[in-house]
Amino acid sequence: MITVLINALLALGVGVFLTLTGVSPWYWSIFWGVLTLIFGQVVLGWILRWRMSSISSKVQTIMARGQARMQAKMQRWRTHQVGDPKAAEAELAHDRDVLIAEVQSELQPLERYRWWIPLLGRQLATMELQFAWQRKDWNRVDALLSRALLLDPRLVCIKLARQWQQNVPTEMLYATFRKASRRARYGTSALLYATFAWMLVKRGDVDGAFKVLIEANDKNEHPVLKTNREILANNRLAHFSNAGFGDEWYALWLENPKIKAQRQRNITRYFR
């Protein structure tokens with residue numbers, strides 16, 4: 001907003017100066033004023049985008065590196081037995097908190113541009129929403145949901161998951177889902193459809209869930225959607241699962257990943 005105000009004042013000053021000094025008639029002064037406004041917006045916009053892109057690139061690198069470490073650890077725990085599942089979950093939560101703190105420290109410089117760049121406040125709220133969700137800071141999540149830009153279907157899944165936690169009526173879940181599914185691009189909404197279908201199954205609306213998965217087939221190609229659709233068609237509800245989405249699914253906190261616990265061996269029996 002400040003950039004627009006500064007450029008508007010500069011353009012006004014240029015137009016008034018050219019008119020009062022007789023350099024150009026008033027209609028040409030308006031033209032040069034508008035041109036000054038456009039040029040100023042382009043230059044300042046380029047400078048701010050360059051600054052933001054450098055910070056965003058660093059943040060994405062940190063996130064990718066941290067998530068890769070956590071995913072590798074989760075995969076190792078799923079394929080190999082661990083001694084104490086609770087300790088494993090606590091270790092993962094600690095890794096997540098460290099990653100969030102590192103990312104937030106990198107994002108801090110963007111706060112100074114909040115009043116310079118339109119919608120930056122909402123973009124920062126969108127980023128913070130994801131961190132608050134991972135920390136299970138529900139009060140902060142509720143405060144941010146009204147300001148965040150929920151353009152990505154995965155962010156809409158967070159809203160659906162929060163509504164599910166609050167046990168809202170199914171009609172409200174439908175409204176959130178429909179608004180997002182209408183604008184979702186092909187191949188980007190698999191998790192959205194899978195999440196909503198899971199909720200309908202949990203609430204006993206198996207026919208509704210089947211229709212949602214049929215619709216999902218026209219917008220996505222994902223093996224989990226296909227498998228769940230066949231499971232519902234054959235009335236095998238006990239086998240319905242979104243575990244195939246991996247961390248994307250478990251990050252919604254609707255289900256906990258299954259970590260194999262190591263069976264303790266009684267080694268004293270070898271010395272009897």
Side-chain angles (χ1 to χ4, degrees), residues 1-9 37 40-71 92-166 175-177 179-185 188-189 191-192 195 247-254:
M1 295 302 294
I2 293 180
T3 56
V4 177
L5 180 60
I6 290 176
N7 284 314
L9 292 175
L37 175 62
Q41 282 293 102
V42 170
V43 172
L44 283 178
W46 181 85
I47 294 174
L48 292 172
R49 282 196 300 271
W50 173 79
R51 176 60 179 157
M52 286 188 62
S53 65
S54 63
I55 296 175
S56 299
S57 178
K58 192 171 183 179
V59 166
Q60 290 173 4
T61 300
I62 294 172
M63 287 289 291
R65 186 172 62 243
Q67 289 175 347
R69 289 197 302 265
M70 294 170 65
Q71 289 173 0
L92 191 64
H94 175 265
D95 291 346
R96 183 182 64 246
D97 291 341
V98 170
L99 175 61
I100 291 174
E102 186 177 1
V103 170
Q104 287 181 319
S105 66
E106 292 295 333
L107 288 174
Q108 194 63 35
L110 291 179
E111 289 290 339
R112 70 185 69 160
Y113 301 111
R114 182 185 293 270
W115 294 104
W116 291 81
I117 304 175
L119 295 181
L120 178 59
R122 299 193 66 179
Q123 291 173 352
L124 292 176
T126 304
M127 294 181 188
E128 188 182 350
L129 170 64
Q130 299 173 71
F131 301 145
W133 180 261
Q134 291 181 36
R135 292 195 307 270
K136 298 184 180 181
D137 186 350
W138 309 129
N139 290 333
R140 189 58 180 159
V141 167
D142 293 338
L144 292 167
L145 273 173
S146 60
R147 295 192 288 120
L149 296 169
L150 304 181
L151 303 178
D152 189 319
R154 289 172 295 184
L155 295 175
V156 180
C157 288
I158 289 179
K159 182 176 181 178
L160 280 172
R162 182 56 182 154
Q163 289 178 321
W164 178 263
Q165 292 173 348
Q166 296 170 328
T176 300
F177 166 74
K179 183 178 180 181
S181 62
R182 281 195 297 264
R183 67 186 179 211
R185 300 190 306 273
T188 63
S189 57
L191 183 63
L192 175 65
T195 299
D247 294 333
E248 281 189 303
W249 168 246
Y250 294 119
L252 297 176
W253 307 122
L254 295 172

The reported gap from OG1 in T188 to CZ in R154 (rounded to nearest 0.5 angstrom) is 9.0 Å

Scanning both residues in full, the closest heavy-atom pair of Q165 with W138 reads NE2-CH2, 3.4 Å

Residue set satisfying salt bridge (charged side-chain N to carboxylate O under 4.0 Å, His left out) with R69, at least two apart, ordered chain then number -> none

When you look at CZ of R183, are more than 12 heavy atoms from neighbouring residues, nucleotides or ligands closer to it than 6.0 Å? yes

Sequence neighbours excluded, the answer for side chain to side chain donor-acceptor pair (under 3.5 Å) partners of E102 is none

Given the options L151, L144, L149, T126 meets side chain to side chain contact (heavy atoms under 4.5 Å, CB included) only with L149

Quick one, L150 and I158 - any side-chain contact, counting heavy atoms below 4.5 Å?
no

Can a donor-acceptor pair be found, under 3.5 Å and without considering hydrogens, that links the side chain of W253 to the backbone of A161? no

Please check this pair: side chain of R147 against backbone of R122, looking for a donor-acceptor N/O pair closer than 3.5 Å. no

Interatomic distance, CG@L191 vs SG@C157, rounded to 0.5 Å, equals 4.0 Å

Flag side-chain contact, heavy atom, 4.5 Å: Q166 against D142: yes

* To do: Apply side chain to side chain contact (heavy atoms under 4.5 Å, CB included) to the pair R140 and F131, showing each step before the final yes or no.
  => CA-CA 10 Å; R140 189 58 180 159; F131 301 145; over 6 Å; no

Within-4.5 Å side-chain heavy-atom neighbours: T195 and W249
yes

If you define the side chain from C-beta out and look only at heavy atoms, does anything of L192 sit under 4.5 Å from L160?
yes

Distance col, row R162:CZ vs T176:OG1, nearest 0.5 angstrom, shows 13.5 Å

